[in-house]
Amino acid sequence: MDKINISDIDKKWQSFWSKKKNKFKKTDKKKKFYCLEMFPYPSGKIHMGHVRNYAIGDVIARYKMINGFNVLHPMGWDAFGLPAENAAKENNLNPKDWTKKNISTMKYQLQLLGLSIDWDLEISTCDEEYYKHQQELFIDFYNKGLVVRKETYVNWDPAEKTVLANEQVIDGRGWRSNALVERKKLHQWFFNISKFSNELLEDLNTLKEWPERVKLMQKNWIGKSVGCEIDFKISENDNSVRVFTTRPDTIFGATFLAISADHPLCESYIKQAKFIEFKKKCSRVGTTEEAIANAEKIGFKTDLEAEHPFIIGKKIPIYVSNFILMDYGTGAIFGCPAHDQRDFDFATKYKIEIIQVVKSKDFEKLKTEKKAFTGDGSIINSDFLNGLTITEAKEKIVKEIEKKKIGKKKVTFRLKDWGVSRQRYWGCPIPMIYLKDGSVVPVDKTELPIRLPDDIDINSKGNPLDNHPTWKKTKHKKTGEDAIRETDTLDTFVDSSWYFLRFCSPKLKSKPFDDEAFKYWMPVDQYIGGIEHAILHLLYSRFFMRAIKFCKKDIKIKEPFRGLFTQGMVCHETYKDEKGKWLSPDQIENTKLGKKSKIDGSKVKVGPSEAMSKSKKNIVDPESMIKIFGADAVRWFILSDSPPERDVQWSTAGVSASHKFILRIWNINQKILDRKQTEISSDDEKKFELKFNEYIFKITDLIENFQLNVAIAKIYEVASLMESNIDKKIGNKNLLVSQIKFMKMLLPFAPHLSCECLSKLEGKNFFEEIQWPKIDKTLLEKQEVTLVVQINGKKRGLFVAKKDLSEKDALSEAKKIENIKKNLKDKKILKNIFVKNKIINFIVTG
RNA sequence: GCCCUCGUGGUGAAAUGGUAGACACAAAGGACUUAAAAUCCUUGCCCGUAUGGGAGUGACAGUUCGAGUCUGUCCGAGGGCACCA
């Protein structure tokens, strides 16, 4: 019997596939399948999360390939980003070199997994061949009005002289500099994503193959709210304040107006010392959403009053308040303290009148608990609205408002425009220039790409592009006048918002993508990645597709990803030594007295299993695992232990068991090859065939439904079936044919072993002609079924019968069972329940 | 605060309203071996030698001949959104 050397067969088949460049495309071009996994950020080495992502993707890609599909299965690198700049600062090298080195390491590691990736299609977002086209798209968007320049508030790190993302601000301080972060107003570039708010929301309904959870998260993020705008006349002058509300039904309970500190009406106070002090107080609150949410409500009372639109002669004070945001609604509200918690808190603090307008028996009780009543009820104290329900009142008041021409029904979205400017070096330069007269224009497309300079001082404070001696100096192509380049670069989410389009024609020089290739491959049939991208990346990509459609008439597609699958994380136990320092799994030793530290032999405290992370050191290196157990075992384990959408616990015992199973399959294969002819028993043969065919059916169904862990459980069962039939009276040919089918079913999961076994079975190395085994439907019909017999709903016996046994025959068969006879004795059968192929239930007396 | 998801053995988990715990990990016992490793077999809560019986899917109700699965209330864990007017 041949012995197997796992690392030899890994190498053999990886080199076989790589020589063929994984181009196993079928002649049937009609059946295309675009299988895409989220491309990685080249941070240094691959981690188990990548292994899981790409193992799942590879199962789907290979399964589709051997089902006759023409499969696009590419890979690339999300190569721009902050870590490269930070690493460059620490090691005093260029971000480009650092990135390239990481890409080559990670590509080598991914190849060790034996993925069916077509590496000819490899792209990297930091290559000018890629970002050139991104700049082109940016200009297209700009020309169509989808890019705007606006002034907004940002988190400004005064030490680093740069803008920080919200997640880079920790407790109000810069994560690197530890400097107090300021709110600063800056001119920034924005993608006009809010133009598509309603479309992005409505079209979620068309995404039938997306997880409901992701769609819901996007729905909440877009945040549609239906309400109305109302103009309040200012008593002191002819101006008015426009407010937005979703509760126009509470208008009679309005006792104050509140406007944002950035509201145009505040302009006349800007120079007042009191107002300046108030604004200072506001900006002292952090910029994280949580900090804002928990901040105390403070107000600045203006000397203005507004006229209540429905109560003649009633004047209500106007406040400037920190809880009103300028970029939501109109930046102004009317406060109805009785029925809104924030308004209630504010009114209590500034002793503003509280008028109840919705009936509730708990109102006074809630008031003493300092709570507003936000529930349902009928309207009171509201003139012509009295007695109506909230819904009725909303309808009626909106009609009145529209009749009086002081406002109208209005839909508002939470989704804001996407700010894409970053004061960074390692990103795609924004192809815009500033002219002397202050205007801003795009560069001429013939000048693309606007390249990143290599000779930068990475250690300079602020943006190295801005500090570069010559880079930003340029000339306007049309007029020849001097101009200054935009020195901000694009958010890296832009890079990943269209890479899936580039994969359709990654080498094309003239355009971002080829129209024919686009038509053929798009949309992505199956997209696979982490849940952490549920909102931003997926929403931005959906926006990009629409923006491109808006710019190019012949693009018909709106949704880039037809199917989406979000996999769970890879977790591992956490370890701490006696001093509370984190230990990595390879610093742990198993002894009879428990786990000990390899470093000093001290006792180790085992913590809960958590997502693998550098900070907790609970990381297992995929490369070393592959070297020990082989690529198939690593892939197998990570797929077998949990449903792919849930978190999986990594365990060395588990992967070692997978390795043993790989060897067991090899042994089964050898035993079948070495088997001597046996006498045939038609009975054994038939049973085996029926059972085997059923497994093809089940495994096919399970893969189609992404139940990969259950599919693997069935493969274990097939292995046992094969093993137990080697000594039975089954023809060699039948066993061999079944083993070939078995190995084909194994191929998406453990391709190296599968191909090696197939080559032994068929006597040649082959791949192209592999076809997923066919299900014999007539055999499925012949399958026997187990009928369960219950008495009063309790299981009392079972028997195996032919499929579709009639009720009459089933009942008489059931009554022959010893235990059933015993239980039916002296009892009267009141009713028989019979469900074909499933169950018999006798309902009896007593 | 609002919204969503999930609670099944020592563990990861299976189960179109129809045999709960498939499959695997770990454990215990056994076989082989001088021994170990490897491999294989058995066991898994309670009563019983056993055929068998009882309890049992976070808790309590309900619908049903039959509920892990459907409905309601509660408890617990995780996630998303969060001065969004």
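In what follows, chains carry the letters A, B, and so on, assigned in the order in which the sequence lines appear, proteins first and then strands, with residues in each chain numbered from 1.
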It should be established whether A:Arg414 places a side-chain nitrogen or oxygen under 4.0 Å from OP1 or OP2 of nucleotide B:A82.
yes
Expressed as a whole number of Å, how far does the C1' atom of B:G7 sit from that of B:A13?
14 Å
Within the pair A:Asn709 and B:A14, is there a side-chain N or O less than 4.0 Å away from OP1 or OP2?
yes
Would A:Lys714 count as a cation-pi partner of A:Tyr716, with NZ or CZ less than 6.0 Å from the six-membered ring centre and within 45° of the ring normal?
no
Check: A:Asn709/A:Asp641 side-chain N/O donor and acceptor closer than 3.5 Å
no
With syn defined as a glycosidic angle within 90° of 0 and anti as the rest, where does B:G9 land?
syn
Quick one: on RNA chain B, does A:Glu717 or A:Pro643 contact a more 5' nucleotide (nearest heavy atom)?
A:Pro643
Tabulated below should be each protein N or O lying under 3.5 Å from an N or O of nucleotides 51-58 of chain B; please produce it.
{"from": "B:G53", "atom 1": "OP1", "to": "A:Asn819", "atom 2": "ND2", "distance (Å)": "3.1"}
{"from": "B:G54", "atom 1": "OP1", "to": "A:Arg796", "atom 2": "NH2", "distance (Å)": "3.3"}
{"from": "B:G54", "atom 1": "OP2", "to": "A:Arg796", "atom 2": "NH1", "distance (Å)": "3.1"}
{"from": "B:A55", "atom 1": "OP2", "to": "A:Lys794", "atom 2": "NZ", "distance (Å)": "3.1"}

Base, sugar-phosphate or nothing for A:Ser321? Non-hydrogen atoms, less than 4.0 Å.
nothing
Sugar-phosphate only, base, or nothing, as touched by A:Gln707 at under 4.0 Å among non-hydrogen atoms
sugar-phosphate
Check: B:C65 base within 3.5 Å donor-acceptor of A:Asn841 side chain:
yes
When all nucleic acid strands are considered with a 4.0 Å heavy-atom cut-off, which category describes A:Leu216: base, sugar-phosphate, or nothing?
sugar-phosphate
For the side chain of A:Tyr716, counting heavy atoms from C-beta on, which of B:C25, B:A24, B:C65 is nearest?
B:A24
Base, sugar-phosphate, or nothing for A:Ile843, non-hydrogen atoms under 4.0 angstrom?
sugar-phosphate
The side chain of A:Asn220 lies closest to which of these nucleotides: B:C3, B:A22, B:C84?
B:C3
Tell whether A:Lys831 reaches the base of B:C65 with its side chain through a donor-acceptor pair below 3.5 angstrom.
no
